[in-house]
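Quick note on labels: first sequence line is chain A, next is B, and so on, each numbered from 1.
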Amino acid sequence: MTAVVSTPASSAPPAHLPLLARITTNRLFEPVVVVVVLLVGLFAIPSFFDSYWIANFTQLAVFSIVCASAGLLYGRVGLVSLGQVASYGIGCWVTMRLAFATTLPYPVLLVIGGLVAAVIGVMIGLPALRVSGLYLALVTLMLAAGMEIVLERTGFPNGGTGFKGVVTTISDIKATRRPSFAGTDVAYYRFIVVGAFVMFMLASYVLSRKPGRAWASIRQSEAAALAAGIDVTRYKLWAFALAAFMAGVAGGLYAGSVPKGMSIDAFNRQSAIFLIAVVIMGGIYSLWGGLLGAFFATCLLKYLTQNVFGHQFWTRFALSLFGFGLLANLIQNTRIAERKGVEA
Amino acid sequence: MIDVEDLSVHFGGVVSLDQMTIQFPEGACGLIGPNGAGKTTFFNVLSGFVTPRSGRVVAMGQDLLSMPDYKRARWGLRRTFQTEQAIEKLTVFDNVATVYEHSTRSGKAGRSAAVEAALEFVGLTDVAQQTVRALGAKERRFIEVARAVVGSPKLILLDEPAAGLPDAETALLGGIIRSIPERVGATVILVDHDMSLVQACCDWTAVLDFGRLLASGPTAEVLRDRNVMRAYLGTEEVA
Ligand SMILES: Nc1ncnc2c1ncn2[C@@H]1O[C@H](COP(=O)(O)OP(=O)(O)OP(=O)(O)O)[C@@H](O)[C@H]1O
Ligand SMILES: [Mg+2]
């Protein structure tokens with residue numbers, strides 16, 4: 001709590017603010033930035049970068065959705081979940097399987113992949129509801145590990161038949177089909193950018209409504225939320241569902257970006273921990289943090305490995321530093337949560 | 001009327017409420033007692049955060065303890081917290097709107113009007129669109145009261161609502177609390193260590209000490225009670 005001095009009442013920012021502050025506090029500032037970022041993503045990046053970097057930006061766009069979903073859970077509801085990578089993997093698997101098995105339009109596949117991930121995300125959320133902070137992180141990490149084992153057994157569909165849809169001969173491996181209007185790498189990149197935009201808009205819409213307000217209450221104090229009549233369990237599950245849906249759609253978008261044969265590396269435990277680390281680095285409260293975290297995890301990391309550290313070792317070292325930051329943050333939050341529980 | 005019967009709460013070896021039996025009349029009631037007397041514990045039982053070992057609480061004919069915790073707000077229970085809990089990230093308006101939309105069935109219809117009425121009641125209309133983070137202690141405490149009166153509450157529990165406020169603001173808050181029964185139509189139970197606030201707001205007061213009911217009745221009489229004076233500070237003078 002800050003000063004006891006009350007702020008004078010006024011809704012418009014005072015005129016004597018510095019120019020920069022006046023611009024950033026303007027109501028139109030954020031929508032304008034969103035449009036600019038979208039235009040840069042759609043048009044500037046494809047015309048300035050070669051195919052190597054387009055591949056990295058493609059990853060960035062996909063990953064930004066996953067980061068935003070984890071940031072939403074952590075920053076807006078106070079749930080540290082390491083299960084978002086599992087939802088990402090489920091969405092990817094379902095979209096791939098249906099892409100080979102059906103002729104449904106790609107956006108429909110994405111929605112189905114997201115919905116399946118959401119249903120499973122709620123099931124993951126159920127046992128996790130009783131715990132919080134570090135304990136929730138551990139429970140969801142176990143679930144992520146379980147998911148990794150399942151994916152190791154099933155593999156990713158690559159054009160085969162049966163439930164798993166896996167072929168046995170290498171020459172038969174097929175890439176996941178892309179939407180007819182987004183066949184080339186650049187076009188598919190743009191498709192992902194639009195997909196990410198839609199997911200961010202969805203998250204931002206929900207956050208500005210009744211669930212967003214309920215989540216803000218829960219994050220601050222579950223006791224106060226219950227006293228305000230908020231069904232805390234239901235709204236936590238709703239958050240798990242939305243976050244898993246977003247990550248699932250991201251997985252579906254990722255499916256079409258991989259040339260042939262999906263590796264499970266993107267969906268293992270290390271990825272789950274790495275994800276939460278970059279999410280915390282990017283900032284968990286604002287959805288912009290998702291974009292920033294994804295930038296750290298993809299483009300910046302590639303750039304640093306290539307041009308600064310010169311070796312994977314140093315990049316990994318940097319990662320461990322993130323990890324320590326994460327741990328410190330988690331422990332502190334758990335303590336705060338425990339203290340709150342006593343006071344309430 | 002709130003009818004509390006044989007209410008006991010134990011935390012391990014600590015007896016926080018010891019067979020508390022009392023009837024709170026309608027209007028504004030005080031609940032006082034030294035630190036650790038069990039006042040907050042009593043509120044936590046009413047809120048459903050603490051399960052009592054024994055006892056019943058019947059408020060306006062409704063058995064409160066049989067209701068799930070989050071549904072009590074919909075029935076008409078509201079409370080504020082000893083450590084103020086206005087939601088930092090939301091605007092003042094949204095703070096109050098959140099309580100309204102989760103504790104009434106009327107949905108969006110009438111929401112703005114109800115929230116504005118609550119803000120006007122506590123005098124926060126001017127800062128409605130500001131984020132709580134930017135506001136000071138006084139506004140935060142008053143937001144909590146606005147959250148408590150919005151909708152149609154039946155029973156409002158105020159846990160040291162004036163803690164940390166200077167005298168002038170406490171007096172202002174006292175005026176607001178005093179007018180709740182008449183203007184909002186709810187019964188108020190006010191916990192505070194500030195006897196002048198309790199005296200100003202409440203015609204009737206109960207005293208807890210070590211989880212036991214020490215005295216209850218008209219506020220002026222209760223504050224003159226010898227046992228009550230001894231419980232406080234061990235002296236004959238109550239601030
Ligand atoms: N969750 C809990 N676990 C263990 N003991 C508790 C818990 N809540 C309260 N107590 C104990 O119960 C007793 C009553 O505490 P309570 O908070 O109800 O007092 P209070 O009357 O509100 O005091 P204060 O005026 O200081 O706020 C204290 O001894 C306290 O330590
Ligand atoms: Mg207390």
Side-chain angles (χ1 to χ4, degrees), chain A residues 1-14 17 21 25 27 72 74-78 129 207-238 283-287 336-337 339-344, chain B residues 40 43-44 46-49 68-75 77-91 94-104 107-108 124-130 132-140 142 144 147-148 150-151 157 164-166 169:
Chain A
M1 204 185 302
T2 45
V4 188
V5 184
S6 54
T7 330
S10 73
S11 40
L17 275 176
T25 52
R27 215 159 36 85
L72 185 144
Y74 191 6
R76 299 296 184 125
V77 200
L129 280 176
L207 282 171
S208 70
R209 316 294 299 199
K210 189 173 168 182
R213 292 187 285 271
W215 292 334
S217 311
I218 292 171
R219 188 196 143 116
Q220 173 150 336
S221 155
E222 283 188 26
L226 286 169
I230 293 166
D231 184 348
V232 169
T233 308
R234 200 175 109 212
Y235 276 94
K236 279 187 177 175
L237 286 179
W238 181 188
I284 51 172
Y285 187 71
S286 164
L287 288 176
I336 292 173
R339 218 178 309 139
K340 255 190 205 153
V342 171
E343 279 170 11
Chain B
T40 300
F43 280 6
N44 284 344
L46 296 190
S47 296
F49 304 154
D69 44 17
Y70 71 91
K71 288 198 174 150
R72 296 181 194 188
R74 184 160 284 191
W75 167 80
L77 181 70
R78 299 281 190 286
R79 78 173 281 180
T80 67
F81 290 83
Q82 197 165 341
T83 43
E84 146 287 305
Q85 293 291 358
I87 307 160
E88 291 258 322
K89 305 278 191 184
L90 299 183
T91 62
D94 281 351
N95 258 276
V96 181
T98 302
V99 179
Y100 182 82
E101 64 196 359
H102 287 278
S103 61
T104 55
K108 261 197 99 90
L124 286 178
T125 307
D126 288 345
V127 291
Q129 291 311 322
Q130 291 201 23
V132 170
R133 199 171 8 165
L135 299 174
K138 179 209 159 199
E139 282 83 0
R140 288 164 185 245
F142 281 50
E144 285 223 292
R147 281 162 60 87
V150 78
L157 314 174
L165 294 186
E169 289 169 0

Exam field: side chain A:Q220 to backbone B:A86, donor-acceptor pair closer than 3.5 Å: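 It does hold such a pair.
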
Heavy-atom distances under 4.5 Å only: say whether B:R147 touches chain A with side chain, backbone, both or neither.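 Side chain only.
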
Which atoms of B:L77 are under 4.5 Å from chain A, going by heavy atoms: the side chain, the backbone, both sets, or neither?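 Contact with chain A is through the backbone of B:L77 alone.
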
Show me the side-chain donor-acceptor pairs of residues 227-234 of chain A shorter than 3.5 Å, one per line, residues at least two apart or across chains.
residue	atom	partner	partner atom	Å
A:D231	OD1	A:R234	N	3.4
A:D231	OD2	B:Y70	OH	3.3

Please report the interatomic distance OG(A:S221) to CD(B:E84), rounded to the nearest 0.5 Å.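 With rounding to 0.5 Å, OG (A:S221) is 10.5 Å from CD (B:E84).
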
Is the closest side-chain heavy-atom distance between B:H102 and A:Y235 below 4.5 Å?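 Yes; the side chains approach each other to less than 4.5 Å.
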
With sequence neighbours excluded, what pairs up with B:R72 under the salt bridge (Lys or Arg N to Asp or Glu O under 4.0 Å) test?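 Checked B:R72 against salt bridge (Lys or Arg N to Asp or Glu O under 4.0 Å); zero matches.
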
Set out, in order, the CA-CA distance, both residues' side-chain angles and the distance that settles side-chain contact (heavy atoms from CB on, under 4.5 Å) for B:E101 and A:R213, then state yes or no. CA-CA 10 Å; B:E101 64 196 359; A:R213 292 187 285 271; 2.8 Å; yes

Heavy-atom pair with the smallest gap, counting every atom of B:Q85 and A:A224: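 Where B:Q85 meets A:A224 most closely, the heavy atoms are CB-CB, 3.9 Å.
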
If you take all heavy atoms of B:I87 and A:A216, which pair is closest and at what distance?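 In this case the closest contact between B:I87 and A:A216 is CG2-O, 3.7 Å.
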
